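To keep things clear, I will list the structure first and then write my remarks on it.
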Amino acid sequence: LSKATQIRQLPLTMAHIFAGTWKLDRSEKFDDYLKALGVGMIKRKAAGSVSQHVTITVSGDTINIKTNTTLSKQENEYTLNKKFRTPAFGLADGEYEAEATFADGKLTLKATPATTSLKATTVIRELVGEELVMTMISEGVTCK
């Protein structure tokens, strides 16, 4: 997961700057990040080899993120500044309790384990030029 080139972009206001469909074109330290989360080698190798498109829609304070890969389809919807539960989406078993915020041009999702087998993670999305850069942090490992 990480840096992606934009395919389509919608209005540029608040969190709406992330709205559109984005295609993964490269990543840095993704395997290290997954390892820090406790994901096994087979799942890490599979996750690292997929083609990925992410579609983000924004309606008021509600964010919807659809991720399509060659292996799976996932959808997550949440409201900014409200806690919610979300599954670990197949890479690990369990759920996170999470909260998303938007500040300084960054959409930040902080997720803490709702079950003991998971590790805490933070996902930060920001626009750098015309790219959506997603930074993921867990256990001191940073992936872009």
Side-chain angles (χ1 to χ4, degrees), residues 1-10 12 14-58 61-144:
L1 293 159
S2 355
K3 293 185 182 175
T5 40
Q6 181 181 17
I7 296 173
R8 178 178 55 104
Q9 186 174 4
L10 297 176
L12 297 175
M14 296 293 291
H16 287 88
I17 64 174
F18 301 107
T21 298
W22 305 85
K23 180 181 183 246
L24 174 71
D25 68 4
R26 64 190 180 278
S27 65
E28 301 162 10
K29 297 188 177 182
F30 185 53
D31 188 70
D32 293 339
Y33 169 77
L34 293 177
K35 187 184 276 187
L37 285 176
V39 177
M41 183 183 69
I42 293 172
K43 286 185 179 181
R44 287 196 326 264
K45 295 303 175 194
S49 67
V50 299
S51 172
Q52 181 182 87
H53 286 83
V54 175
T55 300
I56 300 173
T57 56
V58 180
D61 285 343
T62 302
I63 312 290
N64 180 284
I65 299 177
K66 293 179 185 176
T67 304
N68 291 312
T69 71
T70 50
L71 298 176
S72 69
K73 292 182 181 184
Q74 304 161 4
E75 184 171 357
N76 203 355
E77 185 170 281
Y78 49 84
T79 301
L80 292 174
N81 304 309
K82 289 190 179 178
K83 290 187 178 182
F84 64 97
R85 281 193 171 234
T86 184
F89 290 119
L91 291 177
D93 295 324
E95 283 189 324
Y96 283 102
E97 184 168 298
E99 185 172 8
T101 58
F102 180 79
D104 301 323
K106 297 178 182 180
L107 179 60
T108 302
L109 176 74
K110 291 187 179 184
T112 56
T115 55
T116 57
S117 63
L118 300 172
K119 306 278 191 292
T121 187
T122 299
V123 178
I124 304 165
R125 289 178 173 89
E126 63 184 310
L127 288 181
V128 176
E130 294 185 11
E131 290 186 321
L132 173 65
V133 177
M134 190 164 94
T135 303
M136 300 176 293
I137 305 162
S138 183
E139 299 286 300
V141 176
T142 299
C143 165
K144 291 190 178 218

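Computed from a predicted structure; not experimentally measured. We use all heavy atoms of the structure for the numbers below, so side chains are in, but hydrogens, waters and symmetry mates are not.
- Listed by chain and residue number, T108, I124, E126 satisfy the side-chain contact (heavy atoms from CB on, under 4.5 Å) test with K106 (two or more places apart in sequence, or in another chain).
- One finds no salt bridge joining E28 and K144 here, because no Lys/Arg side-chain nitrogen approaches an Asp/Glu carboxylate oxygen to under 4.0 Å.
- Atom OG1 of T21 is separated from atom NZ of K66 by 9.5 Å, given to the nearest 0.5 angstrom.
- Using a distance-only test at 3.5 Å, with no hydrogens or angles considered, a donor-acceptor pair links the side chain of T69 to the main chain of S72.
- In terms of the side-chain contact (heavy atoms from CB on, under 4.5 Å) criterion, D104 has no residue partners (sequence neighbours excluded).
- The two residues F84 and L109 make their nearest non-hydrogen contact at CZ-CD1, 3.5 Å.
- Of all the heavy atoms in A36 and S138, the pair that sits closest is CB-O, 3.6 Å.
- Contacts of T112 classified as side-chain contact (heavy atoms from CB on, under 4.5 Å), with partners at least two apart in sequence or in another chain: E97.
- Not counting sequence neighbours, E139 has no partner by the side-chain hydrogen bond (donor to acceptor under 3.5 Å, both in side chains) test.
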For L80 and T101, run side-chain contact (heavy atoms from CB on, under 4.5 Å): C-alpha distance rounded to whole Å, both residues' side-chain angles, the deciding distance at 0.1 Å, then the answer.
CA-CA 5 Å; L80 292 174; T101 58; 5.7 Å; no
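- A donor-acceptor contact closer than 3.5 angstrom links the side chains of N76 and T86.
- Separating the CD1 atom in I65 from the CD1 atom in I56 is a distance of 5.0 Å, to the nearest 0.5 Å.
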Between E99 and K83, does the side-chain contact (heavy atoms from CB on, under 4.5 Å) criterion hold? Intermediate values first, please.
CA-CA 5 Å; E99 185 172 8; K83 290 187 178 182; 3.7 Å; yes
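- In plain terms, the two heavy atoms of G94 and L118 that are nearest each other are C-CD1, 3.7 Å.
- Residue R44 holds its CZ atom at 8.5 Å from CG of D32, rounded to the nearest 0.5 Å.
- Between F102 and F18, the ring planes lie perpendicular to each other; the angle is over 60°, past the 30° to 60° tilted range.
- Of the possible polar contacts, none joining the T62 side chain to the Y78 backbone as a donor-acceptor pair under 3.5 Å is found.
- Here the side chains of R85 and E95 are in contact, with some heavy-atom distance below 4.5 Å.
- Across all non-hydrogen atoms, the minimal contact from L24 to R26 is CD1-O, 3.3 Å.
- Remark: N64 engages E75, E77 in a side-chain hydrogen bond (donor to acceptor under 3.5 Å, both in side chains) (not counting sequence neighbours).
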T122 vs M136, side-chain contact (heavy atoms from CB on, under 4.5 Å): CA-CA, chis, key distance, verdict
CA-CA 6 Å; T122 299; M136 300 176 293; over 6 Å; no
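- Rounding to the nearest 0.5 Å gives a distance of 8.0 Å between CD of Q52 and CD of Q74.
- Looking at heavy atoms from C-beta onward, T55 lies out of side-chain contact with H53 at the 4.5 angstrom threshold.
- Side-chain contact between I63 and T57 is absent, with no heavy-atom pair separated by less than 4.5 Å.
- The CH2 atom of W22 sits 12.5 Å away from atom CE of M134, with the distance rounded to the nearest 0.5 Å.
- What you find for V128 and V133 is that their closest heavy atoms are CG2-CG2, 3.7 Å.
- To the nearest 0.5 Å, atoms CG (L127) and CD1 (I17) are separated by 4.5 Å.
- With sequence neighbours excluded, no residue forms a ring-ring contact (aromatic ring centres under 6.0 Å, His included) with Y96.
- Contacts of K45 classified as side-chain contact (heavy atoms from CB on, under 4.5 Å), with partners at least two apart in sequence or in another chain: D31, M41.
- For the residue pair K119 and L37, the shortest heavy atom distance occurs at CG-O, 3.7 Å.
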